[in-house]
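Report on the following structure.
Just so you know, ligand 1 is whichever comes first in the structure, and atom 1 is the first atom listed for that ligand. Any value given below was found using the heavy atoms of this structure, including those in side chains, with hydrogens, waters and symmetry copies removed.
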Amino acid sequence: MTQIFAHRGYSALFAENTMSAFLAAEKANADGLELDVQLTKDGEVVVIHDEKVDRTTSGTGFVKDLPFKEIRKFNANKKGEKKEPIPSLIEVLEWMQSNQLVCNIELKNNLFPYEGLEEKVIQLVRKYNLNNRIIISSFNHYSIVLSYRTAPEIETAPLFNERIYMPWVYAQSIRAKGIHPKLVSVSDEIIKGSMENGIAVRPYTVNKESDINRLLRINCTAIITDDPVKALKIKQQFEKRP
Ligand code: G3P
Ligand code: CA
């Protein structure tokens, strides 16, 4: 059955990429999470979508120019009542010891290469013994290949937003076990063709009821959605159909 992954946590209701958003996704019974990582000036892997902290936090500047200690002072829950820091990846992986969620770590290294990011993430995943519950994705496919070569035991999935011809052939060529396409870039035939060829498909970002139903009908591997509560409700209704 199609799995439900919470995009940046339960980001429809909670500040994206915060522990609150991840805890809420767990509480909602999501199967998995998607989160984004960047590297601080002093080499800490932090969970934030943009290269700059400006949009999502009370701070300013590039993540790559800020030490972790400074970054932790910013509020990543600007619109909420409770102040919340940008999580470190360590914090998320520690919390994952207490649940069974799958976590899709998106390496945000398509603008800045963040040398060593792959190795740091993999080292942490191994340290917390989460090899089987992590999927590494990225729009930077060189990084996907490097991740696979460094840790063949961890699943990888290239992200893309263009229509690729027979994407399962491409995925197999870089030893990825899945693909994470933008929803509009994949037809039912492409999704089915990929799955028939052993490639998992997890389209993003799937928020509309009609799109969720479409993917449930073809038993797509997973959907990445901002609203796991809504998606799980639709999935429940779908399963009850005669
Ligand atoms: O991983 C799917 C999706 O998160 C990729 O786009 O910009 O939301 O990180 P973005
Ligand atoms: Ca992402």
### Ion pair check, Lys41 and Asp65, cut-off under 4.0 Å
no
### Message
Under the criterion salt bridge (Lys or Arg N to Asp or Glu O under 4.0 Å), I'd like the reasoning laid out for Glu106 against Lys108: C-alpha separation, chi angles, the key distance, then a yes or no.
### Response
CA-CA 6 Å; Glu106 181 186 347; Lys108 277 287 182 207; 2.8 Å; yes
#### Entry: Electrostatic pair Arg72-Glu91, nearest N-O below 4.0 angstrom
yes
### Test item: side-chain donor near acceptor, His7 and Asp226, under 3.5 Å
yes
Do any side-chain atoms of residues 228-235 form donor-acceptor pairs under 3.5 angstrom with protein atoms, and if so which ones, sequence neighbours left out?
{"residue": "Lys230", "atom": "NZ", "partner": "Asn207", "partner atom": "O", "Å": "2.8"}
{"residue": "Lys235", "atom": "NZ", "partner": "Thr2", "partner atom": "O", "Å": "2.6"}

### Query
Do the ring planes of Tyr114 and Phe112 sit parallel (below 30°), tilted (30 to 60°) or perpendicular (above 60°)?
perpendicular
### Task
Using atom types as modelled and distance alone, determine if a side-chain donor or acceptor of Gln3 lies under 3.5 Å from a backbone N or O of Thr221.
no
### Contact residues of ligand 1 (heavy atom under 4.0 Å), by chain and number
His7, Arg8, Glu34, Asp36, His49, Glu106, Lys108, Phe139, Leu159, Tyr204
### Message
Restricting to ring pair (Phe, Tyr, Trp, His ring centres under 6.0 Å), what partner residues turn up for Tyr170, sequence neighbours left out?
### Response
His141
#### Entry: Verdict with supporting geometry, Leu130 and Gln97, side chain to side chain contact (heavy atoms under 4.5 Å, CB included)
CA-CA 8 Å; Leu130 287 165; Gln97 307 298 301; 3.7 Å; yes
### Query
Tally of protein N/O/S atoms under 3.0 Å from the Ca ion (ligand 2)?
3
